Colleague: 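Submitted below is the structure of interest, expressed as structure tokens.
Everything numeric here is computed off the predicted structure, so don't read it as measured data. In listed order, ligands and their atoms are each counted from 1.
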Amino acid sequence: MIVAVAATQLEIDPFLTAAGREGELWPVAVTGVGPVETAVSLGSLLAEKREQLTGVLQFGIGGAYIRDSAVAQVGLLEVCLATSEVLGDLGICYPDYMEYFPPELGGAEPFCLISPLLERAKAVLGNAGITCHCGNFVTVNGVSATAARGRMLHERWQGICENMEGAAAARLCRLYNIPLVEVRIISNMVEDRDRKNWQLHQACVKAGEIGALLMRELS
Ligand SMILES: O=C(O)c1cccc(C(=O)CC[C@H]2O[C@@H](n3cnc4c(=O)[nH]cnc43)[C@H](O)[C@@H]2O)c1
């Protein structure tokens, strides 16, 4: 059994619409925004259901880091799959520099998400003709609101996508030895903040549709 989770009802509603009657049988949860809420809600869910679970599907929206080379730039409303997750702002925060703690103090250590379930998810998207970018994701407590901060996190982690929940789910899934597939649709570029450039609604709708497709094919 796979559980589908997203941070907000804004992401879950289009998922339920796309899932239709079939979705009534799927376990689904809203985890809340940010790593702490995710750890609390997903942690109690996994503690209860871990014996029955063969995977966690986390879907939602995220920001795309702007890359130096235009070759593989991820764009608005494009699909990203995480091959790793890291807590990108756990440490000492300077305006455009992060100093991470040593490993014994919980220093930033990426969680690898490569698994047979991830390979199946890639195949599902490929068979549906959906192009997806696979790469490292970075989880933050605060949305990066400057291009400089985004560039710094991108360069430090070779990150493609910023979000606020993935590393918490990755840490829990590692604890319980359950594979995690994290898929995000780009709602915004990580740039000097300009809210009018965000495509929040469209990204939530697409995230719900892709989430439902993956649940249908992976369950
Ligand atoms: O600034 C606003 O008005 C505003 C309105 C609604 C939502 C937001 C968010 O910041 C959403 C955070 C939510 O979405 C994910 N997300 C989307 N883009 C990013 C990003 O660039 N950096 C980090 N997280 C992002 C995140 O996972 C949260 O669940 C703002």
Colleague: Suppose I only count heavy atoms of G62 and a 4.0 Å limit; which atoms of ligand 1 are within that range?
Modeller: 16 (N), 17 (C), 18 (N), 19 (C)
Colleague: Looking at CG of L117 and OG1 of T54, how far apart are the two atoms once the value is rounded to the nearest 0.5 Å?
Modeller: 7.0 Å
Colleague: Under the side-chain contact (heavy atoms from CB on, under 4.5 Å) rule, what do I66 and Q73 come out as? Steps first, then yes or no, please.
Modeller: CA-CA 7 Å; I66 294 171; Q73 180 63 56; 4.0 Å; yes
Colleague: Please classify the L200 to ligand 1 contact at 4.0 Å (heavy-atom distances, strictly less than): side chain, backbone, both or neither.
Modeller: side chain
Colleague: I need the atoms of ligand 1 closer than 4.0 Å to a non-hydrogen atom of R184, numbered in the order shown.
Modeller: 27 (O)
Colleague: Just heavy atoms, cut-off under 4.0 Å: does Q58 contact ligand 1 by side chain, backbone, both, or neither?
Modeller: neither
Colleague: Would you check, one step at a time, whether the test side-chain contact (heavy atoms from CB on, under 4.5 Å) holds for F59 with M215?
Modeller: CA-CA 10 Å; F59 67 93; M215 273 303 272; over 6 Å; no
Colleague: So does I185 get a backbone contact from the side chain of K206, meaning a donor-acceptor N/O pair under 3.5 Å?
Modeller: no
Colleague: So if I count the atoms of ligand 1 from 1 in the order they appear, which ones are less than 4.0 Å from some heavy atom of A7?
Modeller: 29 (O)
Colleague: Looking only at distances, please establish whether an N/O atom of ligand 1 is found under 3.5 Å from an N/O atom of E162.
Modeller: yes
Colleague: Main chain of G88, side chain of Y100: is a donor-acceptor contact present, judged purely on distance under 3.5 Å?
Modeller: yes
Colleague: Can a salt bridge be assigned to the pair E85 and R174 using a cut-off of 4.0 Å between side-chain N and carboxylate O?
Modeller: no
Colleague: Which protein heavy atom lies closest to atom 28 (C) of ligand 1, and at what distance to 0.1 Å?
Modeller: E165 OE2, 3.4 Å
Colleague: Between W198 and R193, is there a cation-pi geometry (under 6.0 Å to ring centre, at most 45° from the normal)?
Modeller: yes
Colleague: Check whether the side chains of E162 and S144 place a donor and an acceptor atom closer than 3.5 Å, and report yes or no.
Modeller: yes
Colleague: Just to confirm my output: which protein heavy-atom neighbour is closest to atom 3 (O) of ligand 1, and how far is it?
Modeller: R195 NE, 2.7 Å
Colleague: Can you tell me which residue and heavy atom of the protein come closest to atom 9 (C) of ligand 1, and the distance to 0.1 Å?
Modeller: W198 CZ3, 3.8 Å
Colleague: Checking R171 side chain against A168 main chain: does a donor-acceptor pair fall under 3.5 Å?
Modeller: no
Colleague: Which value, rounded to the nearest 0.5 Å, describes the distance between L76 atom CG and S187 atom OG?
Modeller: 8.0 Å
Colleague: Are any of the N/O atoms in M164 less than 3.5 Å from those in ligand 1?
Modeller: yes
Colleague: Who's the nearest protein heavy-atom neighbour of atom 15 (C) of ligand 1, and how far?
Modeller: I61 O, 3.4 Å
Colleague: Answer side chain, backbone, both or neither: which part of H201 comes under 4.0 Å from ligand 1, heavy atoms only.
Modeller: neither
Colleague: Would you tell me which option among G63, P35, A6 has the nearest heavy-atom contact to atom 19 (C) of ligand 1?
Modeller: G63
Colleague: Please list, in number order, the atoms of ligand 1 under 4.0 Å from a heavy atom of S187.
Modeller: 17 (C), 18 (N)
Colleague: For ligand 1, is R193 a contact, meaning one of its heavy atoms is under 4.0 Å away?
Modeller: yes
Colleague: Taking only heavy atoms of N188, which atoms of ligand 1 are found under 4.0 Å from at least one of them?
Modeller: 17 (C), 18 (N), 19 (C), 20 (C), 21 (O)
